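This report concerns only the one structure given below.
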Amino acid sequence: MYNKIIDSLNKVQKEAVFYDGGSELVFAGAGTGKTKVLTSKIAWLLKEKHLYPNQIFAATFTKKAANEMRERVALAIGQSVEGLWIGTFHSLCSKILHIEADKLGFTRNFTIYDSSDQITLLKSVMKEINADESRYPPKSMLSVISSHKSRFELPDELFAKLNSYSDRKIIELYDGYQNALKRANAMDYDDLMLYTLMLFEKNKEILQKYQNFFKFILVDEYQDTNHVQFLLVQTLSGGKTPVFAVGDDDQSIYSWRGAQIENILNFAKHFPNTKMFKLEQNYRSTEQILNFANTMIDASVKKRSGKKLWTGTKNGSPVKVYNYSSDVQEAQRVCQEIIDAISNGHNPSEIAILYRTNAQSRLFEQNLQGKAPYVVVGGMSFYERKEIKDILAYLKFLVNPQDDISLLRILNVPARGIGATSQEKIVAAANEKGVTCGELLVSGQAQNLLTSKSASGAASLRKIIENLFELMKTATAKELIQQLLEETNYIKILLEEKSEEANERAENVKELVNAVSFWQMKNEDGGIADFIEEITLSSAIDETDGAAEAVNLMTFHTAKGLEFDKVFLVGIEDDILPSGLSRDDKQKVDEECRLFYVGITRARKELNCSFASRRMRFGGIKPMNPSPFLDKIPTSAYKMFNLSNEYDNFSFSQRNNAEIYSKKVFSYESKQKNDDFVEKRVYVADEYIGSANEKRLRAGVLVRHDKFGVGRVLSVNGFADAQQTTILFEGGVRKQLMTKIAKLEIL
DNA sequence: TTGTTTATTCTTTTT
DNA sequence: GAATAAACAA
């Protein structure tokens with residue numbers, strides 16, 4: 001098998017795999033066999049260089065990629081690769097930290113806080129130091145903190161170079177947040193890497209241990225590494241261990257998460273005697289799709305390493321670009337085409353709908369519902385649901401009793417009479433005594449602080465927790481969660497509500513038990529702590545069942561690394577792609593362009609892009625324009641279909657119906673409410689008409705032409721250079737003009 | 001203290 | 001439109 005795989009490599013791929021002179025950087029364009037090269041390299045190291053699996057450190061971007069590579073390596077060398085250090089930076093660091101936690105003042109069973117835990121914790125810190133939430137929005141504070149962390153900027157140094165009050169408060173928050181995490185024996189995502197790096201910097205013996213341990217370091221998706229990750233690789237390599245980095249600057253789409261595209265562009269400077277390889281032969285897409293991608297990114301992004309993908313695959317079908325009248329029509333048409341394709345024998349799992357934001361999935365789901373199997377990857381995950389987070393909070397507290405965030409979440413869940421006032425009392429007492437809330441509760445001191453009703457609630461929670469602590473010593477993960485549900489009556493209380501929603505929640509909780517059981521079968525000696533860590537470090541893509549035969553719906557970001565025969569890129573509109581929040585910053589716009597590029601290059605055989613002229617956004621219908629990225633592509637690179645004048649009335653009435661149902665107007669009896677309904681309806685219609693009054697060129701707008709004078713636009717067809725405007729001028733003169741040439745002034 | 005309704009705010013991407 | 005916060009009633 002090994003020889004067969006090596007033989008199937010092309011010339012450059014072979015050179016990269018067999019190179020034996022130190023660090024390497026492989027620029028691997030989309031679909032050029034990146035994973036193949038990585039797995040071949042690992043197989044080569046094991047087979048030809050006789051390394052042990054545990055001497056190889058390989059960082060990937062998702063767990064799914066790691067698993068896939070592990071399997072492929074095992075297949076190639078025909079034996080198990082147990083012990084291979086392969087995973088995301090987060091999970092690899094977590095593995096090291098679990099071993100070395102005590103050197104950093106944590107215990108082995110520290111908790112990893114997810115984003116909602118982070119917000120709760122930060123908010124509690126803000127309360128403590130009197131930071132106003134409207135002035136310091138927790139969410140944006142967290143992103144500031146995160147970017148400091150990803151650049152390895154610690155609170156102490158930041159305090160040293162302060163200049164204004166505002167800065168100081170933010171660093172105080174950062175500092176307070178870090179201390180609170182430590183008190184809770186918890187780390188956030190950034191901490192996993194930050195603390196590993198700090199461990200290596202502080203403790204040279206430990207660093208040497210790992211440096212001697214690893215004989216080869218591989219990093220996938222190198223363009224998406226942040227500064228701390230770069231430092232980790234550099235430190236671990238120590239200038240000696242070869243680093244094999246693979247990446248594509250054209251697919252750098254995570255700068256908002258701290259990724260530095262400079263890492264890949266400056267790789268040769270950072271690692272001595274780097275050998276560079278460029279993979280440019282694409283094995284995935286048709287010539288038409290590649291041409292579409294290449295011309296788009298060539299024209300839009302200047303700062304690139306520069307490479308040109310090419311393919312031997314001719315005879316593909318042209319890329320299609322559709323202009324729809326509305327988001328509703330877009331969803332209907334796209335879904336109908338998919339349904340037809342499936343009935344013509346297409347495999348649903350080879351079809352994908354990709355969009356910029358998760359919110360866009362809804363209309364597509366509605367139109368596929370009951371007509372075609374589909375999966376929505378990402379968005380609100382199963383583990384983010386209230387009921388699941390509740391149960392997990394119990395489990396997290398049991399694993400790490402210092403975890404106050406989890407304790408406060410379950411303090412009154414299910415309701416046991418410990419409201420906001422009681423909770424504040426406990427928190428205040430804990431702060432005063434310098435202990436955790438958990439300690440107060442378990443020791444029984446919490447009860448003494450409270451009024452009789454709340455005190456008995458606290459006592460019953462204490463009892464539950466003590467029982468579970470005891471059970472945890474002997475029970476399996478599955479038994480523990482079952483007993484937990486039993487003692488808290490969680491499911492029973494839900495079922496007593498007798499509402500559809502509560503029933504569904506109860507079902508979800510049962511599903512969690514199933515998930516634990518299933519996991520336990522695969523991880524026989526794993527404890528509940530391992531289960532929790534696995535799900536907190538999983539991404540949406542890891543959770544999806546690859547075997548499911550279903551149409552895939554996901555964001556451009558989530559789609560990175562995947563490929564499908566038939567791809568629909570929807571909502572390719574200005575203000576969505578690029579996002580309105582990126583529009584003013586050239587660097588951000590470039591990243592959005594690369595995001596579009598990532599989307600395009602997911603397609604193997606067929607690519608369809610679409611944009612709508614109107615779209616429901618922020619609770620209203622807004623006029624939309626095609627993405628400026630489409631303008632950059634020569635019209636010869638695709639086939640344009642303008643359907644913006646069809647089905648207008650249909651989408652109109654459907655929207656009004658949606659309005660009626662969403663407001664539940666029919667459920668109101670009173671006359672007054674019915675009047676509201678009428679008003680609402682008029683309002684909706686007004687918005688449609690209102691859109692024409694905006695300073696945009698579309699039907700209804702008054703324009704002035706140098707020669708023909710003032711006229712009213714009847715219709716606008718096509719876009720970019722090919723866009724034509726039909727105008728009825730004063731005196732009944734009707735003209736069809738090329739927008740680009742006829743300098744129209746919008747009145 | 002708890003559950004419900006109303007008001008307000010904020011709308012990107014995720015390990 | 002949705003999620004969250006605030007206000008209110010019980």
Side-chain angles (χ1 to χ4, degrees), chain A residues 59-66 87-94 112-116 118-119 123 133-134 137-140 142-143 146 149-150 187-193 221 224-226 228-229 252-259 354-360 362-363 377-381 384 386 412-423 450-454 457 497 533-543 554-560 571 575-583 588 591-592 594-596 598-599 615-622 655 658-659 662-663:
Chain A
T60 59
F61 199 67
T62 62
K63 210 174 67 187
K64 192 186 176 210
T88 58
F89 270 103
H90 295 89
S91 66
L92 291 167
C93 288
S94 176
I112 301 168
Y113 276 176
D114 66 16
S115 10
S116 71
Q118 290 179 51
I119 289 200
K123 280 185 180 172
E133 279 193 22
S134 53
K139 260 193 184 162
S140 51
L142 273 177
S143 87
S146 172
K149 287 191 188 182
S150 71
M187 299 190 195
D188 67 14
Y189 292 123
D190 296 311
D191 284 343
L192 293 172
M193 291 162 316
E221 305 282 12
D224 287 326
T225 52
N226 66 30
V228 166
Q229 288 167 333
S252 160
I253 54 173
Y254 281 102
S255 77
W256 52 274
R257 218 171 76 183
L354 309 181
Y355 34 76
R356 174 69 236 265
T357 66
N358 283 305
Q360 287 166 259
R362 223 189 79 225
L363 281 174
V377 184
M380 166 96 134
S381 112
E384 284 171 74
K386 266 188 233 74
N412 199 30
V413 175
R416 50 173 74 89
I418 314 174
T421 334
S422 306
Q423 195 180 113
L450 309 174
T451 55
S452 65
K453 195 178 149 203
S454 312
E497 273 188 43
E533 171 155 337
E534 195 170 310
I535 58 176
T536 21
L537 291 183
S538 289
S539 60
I541 196 81
D542 303 325
E543 287 171 32
M554 68 187 92
T555 64
F556 289 84
H557 282 91
T558 312
K560 193 165 88 154
D575 211 26
I576 291 182
L577 190 79
S579 148
L581 296 164
S582 303
R583 260 195 307 198
K588 287 184 181 170
E591 181 153 312
E592 300 272 332
R594 294 193 292 266
L595 189 56
F596 188 24
V598 167
R615 177 176 297 276
M616 173 77 100
R617 296 184 84 201
F618 312 138
I621 291 149
K622 304 285 182 327
R655 179 99 60 197
E659 190 70 35
S662 72
K663 291 288 169 191

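Just so you know, these numbers use all the heavy atoms, side chains as well, and skip hydrogens, waters and symmetry mates. As the structure is a computational prediction, the values presented were derived from the model and not from experiment. Naming: A, B, ... by sequence-line order, numbering from 1 per chain.
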Exercise. Which part of the nucleic acid, if any, lies within contact of A:Lys123, taking any heavy atom under 4.0 Å across all strands shown: a base, the sugar-phosphate backbone alone, or nothing?
Worked result: sugar-phosphate
For this session: Look at all strands and tell whether A:Arg362 reaches a base, only sugar-phosphate, or nothing, counting heavy atoms closer than 4.0 Å.
Result: sugar-phosphate
Exercise. Quick one: CZ on A:Phe89 to CD on A:Gln229, what's the gap to the nearest 0.5 Å?
Worked result: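 Nearest 0.5 Å value for the CZ-CD distance: 5.0 Å.
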To the nearest Å, give me how far apart [atom1] ([X]) and [atom2] ([N]) are.
{"X": "A:Lys149", "N": "B:dT15", "atom1": "NZ", "atom2": "P", "value": "18 Å"}
{"X": "A:Arg617", "N": "C:dA2", "atom1": "CZ", "atom2": "C1'", "value": "15 Å"}
{"X": "A:Glu533", "N": "B:dT15", "atom1": "CD", "atom2": "C1'", "value": "13 Å"}
{"X": "A:Met616", "N": "C:dA2", "atom1": "CE", "atom2": "P", "value": "9 Å"}
{"X": "A:Lys386", "N": "C:dT4", "atom1": "NZ", "atom2": "C1'", "value": "11 Å"}

Within the distance-only criterion (no hydrogens, no angle test), does the side chain of [X] pair as donor or acceptor with the backbone N or O of [Y] below 3.5 angstrom?
{"X": "A:Tyr355", "Y": "A:Met554", "value": "yes"}
{"X": "A:His557", "Y": "A:Ile253", "value": "yes"}
{"X": "A:Ser143", "Y": "A:Ser140", "value": "yes"}
{"X": "A:Gln118", "Y": "A:Asp188", "value": "no"}
{"X": "A:Asn412", "Y": "A:Ile418", "value": "yes"}

Distances for protein N or O near nucleotides 1-4 of chain B N or O, under 3.5 Å:
| from | atom 1 | to | atom 2 | distance (Å) |
| --- | --- | --- | --- | --- |
| B:dT1 | OP1 | A:Ser422 | OG | 2.8 |
| B:dT1 | OP2 | A:Thr421 | OG1 | 2.3 |
| B:dT2 | OP1 | A:Gly417 | N | 2.9 |
| B:dT2 | OP2 | A:Asn412 | ND2 | 3.1 |

For this session: Dump the intermediate steps for salt bridge (Lys or Arg N to Asp or Glu O under 4.0 Å) on A:Asp575 and A:Lys622, then the final yes or no.
Result: CA-CA 11 Å; A:Asp575 211 26; A:Lys622 304 285 182 327; over 6 Å; no
Exercise. Does some side-chain heavy atom of A:Ser579 sit less than 4.5 Å from a side-chain heavy atom of A:Arg356?
Worked result: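 In contact.
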Problem set entry | Note, A:Ser94 side chain near A:Glu533 side chain (heavy atom, < 4.5 Å) | yes
Between the protein and nucleotides 7-13 of chain B, which nitrogen or oxygen pairs are less than 3.5 angstrom apart?
| from | atom 1 | to | atom 2 | distance (Å) |
| --- | --- | --- | --- | --- |
| B:dT12 | O2 | A:Arg356 | NH1 | 2.7 |
| B:dT12 | O2 | A:Arg356 | NH2 | 2.2 |
| B:dT13 | OP1 | A:Asn358 | N | 2.7 |
| B:dT13 | OP1 | A:Asn358 | ND2 | 3.1 |
| B:dT13 | O4' | A:Arg356 | NH2 | 3.1 |
| B:dT13 | O2 | A:Trp256 | NE1 | 3.1 |
| B:dT13 | O2 | A:Arg356 | NH2 | 2.7 |
| B:dT13 | O2 | A:His557 | NE2 | 3.3 |

Exercise. Between C:dA5 and B:dT12, how far is it from one C1' atom to the other, in whole Å?
Worked result: 23 Å
